[in-house]
Student: 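Once you've had a glance at the structure underneath, I'll fire off some questions.
Model, not experiment: these values are computed from the prediction.
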Amino acid sequence: MSKKRYRKKRKRLLPTLFAYFVLISVSICCLYFLFQLGHTIYENGIKHRFERTQYPIKYSSSVEKYAEKYELDPYLVYALIKQESKFDPYATSSANARGLMQVQDETAEFCAKRMKIKITLPDDLYQPDTNIQIGCYYLKHLLNQYNGDLKTAVTAYNGGPGNVEKWLNDENLSDGKGGIANIPFGETKNYVKNVLSYYETYKNIYQNK
């Protein structure tokens with residue numbers, strides 16, 4: 001092939017290669033755009049719907065009312081209900097803790113007396129509004145008792161104030177600042193971990209949305 005014919009062929013080939021390059025570049029840009037669009041749709045749509053299914057807002061009128069009354073974060077109440085009963089108002093534990101916030105009869109009597117309300121046990125503990133009212137009051141009582149220490153209050157909600165007092169007086173378990181560093185009961189330890197984790201997740205999903 002002569003040099004002249006080679007140059008002509010190369011001149012014809014260069015525009016073709018450039019066109020292929022442009023086409024490939026545009027295709028890559030389009031694919032990237034579609035990927036970003038899909039990711040955005042997932043983040044703003046499917047993911048949020050899935051998260052809200054796993055972390056629902058139920059009985060909101062009662063939760064909001066009593067959370068405000070007793071100065072609690074409603075997302076903490078939702079987290080506790082999720083852990084305690086999975087939002088089943090008829091849930092009953094082997095220890096006869098009842099309802100949404102799994103309140104025992106003796107705890108209900110203690111709270112009702114201090115709240116100056118009349119309740120019928122155990123039936124009223126299966127009424128969502130009454131159960132949430134008593135559960136929120138008791139949670140606030142524990143927070144006050146432990147100087148606002150959330151971890152200790154949640155520990156007492158599950159493990160009982162009597163056990164918590166023993167643990168706080170044990171230098172191997174307390175943090176030396178009025179809180180608990182190590183929870184010796186495996187069930188209570190997992191309970192506290194779950195409630196605090198659920199609490200953060202509820203805030204991440206619903207706050208500022």
Student: Would a 4.5 Å heavy-atom cut-off, applied to side chains only, mark Y138 and V103 as touching?
Tutor: no
Student: Could you pull out the closest heavy-atom pair between L143 and A153, with the gap in Å?
Tutor: CD2-CB, 3.6 Å
Student: Would you check if N204 and E51 make a side-chain contact, meaning some heavy-atom pair closer than 4.5 Å?
Tutor: no
Student: Sub-3.5 Å donor-acceptor pair from the side chain of Y202 to the main-chain atoms of P56, do we have one?
Tutor: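 Present.
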Student: Does any non-hydrogen side-chain atom of Q133 lie less than 4.5 Å from one of Q127?
Tutor: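 A side-chain contact under 4.5 Å is absent here.
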Student: What's the separation between atom CD1 in I119 and atom CG in L125, rounded to the nearest 0.5 Å?
Tutor: 6.0 Å
Student: With rounding to the nearest 0.5 Å, note down the distance linking OG in S85 to CG in N131.
Tutor: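 Rounded to the nearest 0.5 Å, the OG-CG separation comes to 7.5 Å.
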Student: Going by the rule ring pair (Phe, Tyr, Trp, His ring centres under 6.0 Å), which residues pair with Y70 if we only count those two or more places apart in sequence or in a different chain?
Tutor: Y137
Student: Yes or no on side-chain contact (heavy atoms from CB on, under 4.5 Å) for V77 and E64, after CA distance, side-chain angles and deciding distance?
Tutor: CA-CA 9 Å; V77 180; E64 299 290 336; over 6 Å; no
Student: With side chains defined as the heavy atoms from C-beta onward, is the minimum distance between C136 and K69 less than 4.5 Å?
Tutor: no
Student: Which residue pairs satisfy the ring pair (Phe, Tyr, Trp, His ring centres under 6.0 Å) criterion with at least one member in residues 89-129, sequence neighbours excluded?
Tutor: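 Residue pairs passing ring pair (Phe, Tyr, Trp, His ring centres under 6.0 Å), neighbours aside: F110-H141.
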Student: Check the pair L173 / K166 against side-chain contact (heavy atoms from CB on, under 4.5 Å), numbers first and verdict last.
Tutor: CA-CA 9 Å; L173 303 176; K166 294 177 184 177; over 6 Å; no
Student: Looking just at side-chain N and O atoms, do D73 and Y199 make a donor-acceptor pair shorter than 3.5 Å?
Tutor: yes
Student: Do you know the tightest heavy-atom contact between Q104 and A95?
Tutor: NE2-O, 3.1 Å
Student: Say you draw a straight line from CG of N194 to CG of L80; how long is it, rounded to the nearest 0.5 Å?
Tutor: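 One gets 11.0 Å once the value is rounded to the nearest 0.5 Å.
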Student: With distance as the sole criterion, is a donor-acceptor pair present between the side chains of Y75 and E200 under 3.5 Å?
Tutor: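 The criterion, which ignores hydrogens and geometry beyond distance, is not satisfied for E200 and Y75.
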Student: Check whether any side-chain heavy atom of V164 sits under 4.5 Å from a side-chain heavy atom of T152, and report yes or no.
Tutor: yes
Student: Quick one: side chains of residues 178-189, donor-acceptor pairs under 3.5 Å with protein atoms, not counting sequence neighbours, listed by atom name and distance.
Tutor:
from	atom 1	to	atom 2	distance (Å)
N182	ND2	N172	O	3.3
T188	OG1	N158	OD1	2.7

Student: To the nearest 0.5 Å, tell me how far I134 CD1 sits from T107 OG1.
Tutor: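 One finds 9.5 Å between CD1 of I134 and OG1 of T107.
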Student: Please step through side-chain contact (heavy atoms from CB on, under 4.5 Å) for the pair T155 and W167, ending with a clear verdict.
Tutor: CA-CA 11 Å; T155 302; W167 299 339; 3.6 Å; yes
Student: For Q54 and K82, which heavy atoms make the closest approach, and how far apart are they?
Tutor: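 Smallest heavy-atom distance, with atoms named: O-NZ, 3.0 Å.
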Student: Closest heavy-atom contact between D105 and L121?
Tutor: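 Between these two residues, the closest heavy atoms are O-CD1, 3.7 Å.
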Student: Could you measure the distance from the OH atom of Y66 to the CG atom of L72? Nearest 0.5 Å is fine.
Tutor: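 Atom-to-atom, Y66:OH and L72:CG are 13.0 Å apart.
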Student: Could you check whether K118 pairs with D124 (Lys NZ or Arg NE/NH1/NH2 to Asp/Glu carboxylate O, under 4.0 Å)?
Tutor: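 No, no charged N to carboxylate O under 4.0 Å.
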Student: Enter the distance from K58:NZ to Y78:OH here, rounded to the nearest 0.5 Å.
Tutor: 11.5 Å
Student: Evaluate the criterion side-chain contact (heavy atoms from CB on, under 4.5 Å) for residue pair L168 and Y146; output intermediate values, then yes/no.
Tutor: CA-CA 10 Å; L168 288 173; Y146 299 112; 3.8 Å; yes
Student: Taking all non-hydrogen atoms of both residues into account, name the closest pair between Q102 and A97 and its distance.
Tutor: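 Smallest interatomic distance, heavy atoms only, reads OE1-O, 3.2 Å.
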Student: Compare every heavy atom of P128 with every heavy atom of P89, then report the nearest pair and how far apart it is.
Tutor: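 Result for this residue pair: CB-CG, 4.1 Å.
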Student: Check this for me, if you would: do K177 and D149 make a salt bridge, where the nitrogen-to-carboxylate-oxygen distance has to be below 4.0 angstrom?
Tutor: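 Salt bridge absent between K177 and D149.
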